[in-house]
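In this chain, residues are counted from 1 in sequence order.
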Amino acid sequence: MNFDELWPGGPRFYQAEGSFRLSTDSVMLADFSAAVRAKSIIDLGCGAGVVTVLLHRSHPAAAIDGVEIQPESAALCRENLAANGFSSDGILTADLRRHREFLTAGAYDLVVSNPPYFPVGSGYTAPDASRASARDERDCTLADLCTAAAYLCRFGGAFTLVHRPERLSEIFCTLTANDLEPKRLRMVHHRPGTAPSLVLIEARRGGKPGLTVEAPLVLCNSDGSDSAEARRIYHRGE
């Protein structure tokens, strides 16, 4: 098993053979979520723990838990937390669809998730079960996720997630159906003038209507070099 550093001297992550590499999605979600004040946080579908570790860095005083259905990924999350000097006691190997059986309602100020993006049967699926579970909604649909997030968020608490822009209408409808009001939206673009590849959303449980659309997050300049914001997020050129 090898490890990667997100930036020189920064957080390190062990990567099991055949597992997902460090993804832009998780890093962008953690950066987006850093703006939310929280003393109690849970990462739903925490995988190998990239978001969980980064949330420990942005919220050093917070108690942070995680739920992961795949035992191998949950074990890797615990290893990555330990490798970065954080406790792994709050990482549960469990099915978040059964959240009422092992978690307390309204216990968290902030719920975060980098969920599967694609409905089952919508196209290519990975042959490996762990990778397929992370990509496809076979173990957790968007409706399952929002139901769990609404249960776990305190009234006024935040739910942040990263997803695909083509599902934005469905995401908003599912959030509001669960009393999670979209309050903040940011599109992520690879280069200026390109269509967005990701969308970052913050919803509030019991929030009043009113959505703030933030300036787009552009990762690369027109010449392919890192944008100033990408350099900030990845601590490059400091």
Under 3.5 Å, is there a donor-acceptor pair between the side chain of [X] and the main chain of [Y]?
X	Y	value
Arg205	Cys153	yes
Asn80	Ala48	yes
His99	Leu96	yes
Lys183	Gly210	yes
His189	Thr194	yes
Arg191	Val218	no
Arg12	Leu6	no
Thr174	Glu170	yes
Glu68	Gly47	yes
Ser58	Leu55	yes

If you compare all heavy atoms of [X] against all heavy atoms of [Y], which two are closest, and at what distance to 0.1 Å?
X	Y	result
Cys220	Pro192	O-CD, 3.1 Å
Asn114	Ser23	ND2-OG, 4.3 Å
Thr176	Pro182	CG2-CD, 3.6 Å
Ala107	Ser40	O-OG, 3.2 Å
Thr24	Tyr234	CA-OH, 3.8 Å

Just grab all the salt bridge (Lys or Arg N to Asp or Glu O under 4.0 Å) pairs involving residues 34-54, residues at least two apart or on different chains.
-> none

What salt bridge (Lys or Arg N to Asp or Glu O under 4.0 Å) pairs are there with at least one residue in residues 147-159, not counting sequence neighbours?
-> Asp109-Arg154

Look at the side-chain heavy atoms of Ile, Leu, Val, Met, Phe, Trp and Tyr, link any pair under 4.5 Å apart, and say whether [X] and [Y] land in one connected group.
X	Y	answer
Leu185	Leu29	no
Leu211	Leu180	yes
Ile233	Val112	yes
Ile91	Phe102	no
Leu54	Val162	yes

Do [X] and [Y] have side chains that approach each other closer than 4.5 Å (heavy atoms only, starting at C-beta)?
X	Y	answer
Asp226	Arg236	yes
Asp95	Asp139	no
Val36	Thr160	yes
Leu161	Leu44	no
Thr52	Cys77	yes
Leu145	Phe159	yes
Val188	Pro216	no
Leu81	His56	yes

With rounding to the nearest 0.5 angstrom, report the [atom1] to [atom2] distance, [X] to [Y].
X	Y	atom1	atom2	result
Ile201	Leu175	CD1	CG	6.0 Å
Leu110	Ser33	CG	OG	5.5 Å
Phe86	Arg57	CZ	CZ	6.5 Å
Ile42	Leu152	CD1	CG	5.5 Å
Leu92	Asp65	CG	CG	6.5 Å
Ile41	His59	CD1	NE2	4.5 Å

Checking side-chain contact (heavy atoms from CB on, under 4.5 Å) for the pair Leu76/Phe13: CA distance, chi angles, key distance, verdict?
-> CA-CA 9 Å; Leu76 190 56; Phe13 297 96; over 6 Å; no

What pairs meet the side chain to side chain donor-acceptor pair (under 3.5 Å) rule with one or both residues in residues 195-204, with sequence neighbours excluded?
-> Arg184-Glu202, Glu202-Arg204

Sorted by chain and residue number, the side chain to side chain donor-acceptor pair (under 3.5 Å) partners of Arg78 (sequence neighbours excluded) come out as Thr93

With sequence neighbours excluded, tell me which residues meet side chain to side chain donor-acceptor pair (under 3.5 Å) with Asp179.
->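 Once residues adjacent in sequence are excluded, Asp179 has no partner under the side chain to side chain donor-acceptor pair (under 3.5 Å) criterion.
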
Quick check: are there more than 12 heavy atoms from other residues, nucleotides or ligands sitting under 6.0 Å from CZ of Arg98?
->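 Atom CZ in Arg98 is not packed in, count stays at 12 or less.
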
Would you say [Y] and [X] are linked by a side-chain donor-acceptor pair, where the criterion is simply a distance under 3.5 Å?
X	Y	answer
Asp144	Thr147	no
Asp4	Tyr14	no
Tyr151	Asn178	no

Using the six-membered ring wherever Trp is involved, compare the ring planes of Tyr117 and His163 and label them parallel, tilted or perpendicular (cut-offs 30° and 60°).
->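 Aromatic pair Tyr117/His163 classed tilted.
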
What pairs with Phe32 under ring-ring contact (aromatic ring centres under 6.0 Å, His included), at least two apart in sequence or on another chain?
->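 Partners of Phe32 under the ring-ring contact (aromatic ring centres under 6.0 Å, His included) test: none.
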
Sidechain N-carboxylate O distance under 4.0 Å for Glu229, Arg186 =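 Here Glu229 pairs with Arg186 in a salt bridge, since their nearest N and O are under 4.0 Å apart.
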
Give the intermediate values and the outcome of salt bridge (Lys or Arg N to Asp or Glu O under 4.0 Å) for residues Arg97 and Glu137.
-> CA-CA 12 Å; Arg97 292 171 294 188; Glu137 293 183 338; over 6 Å; no

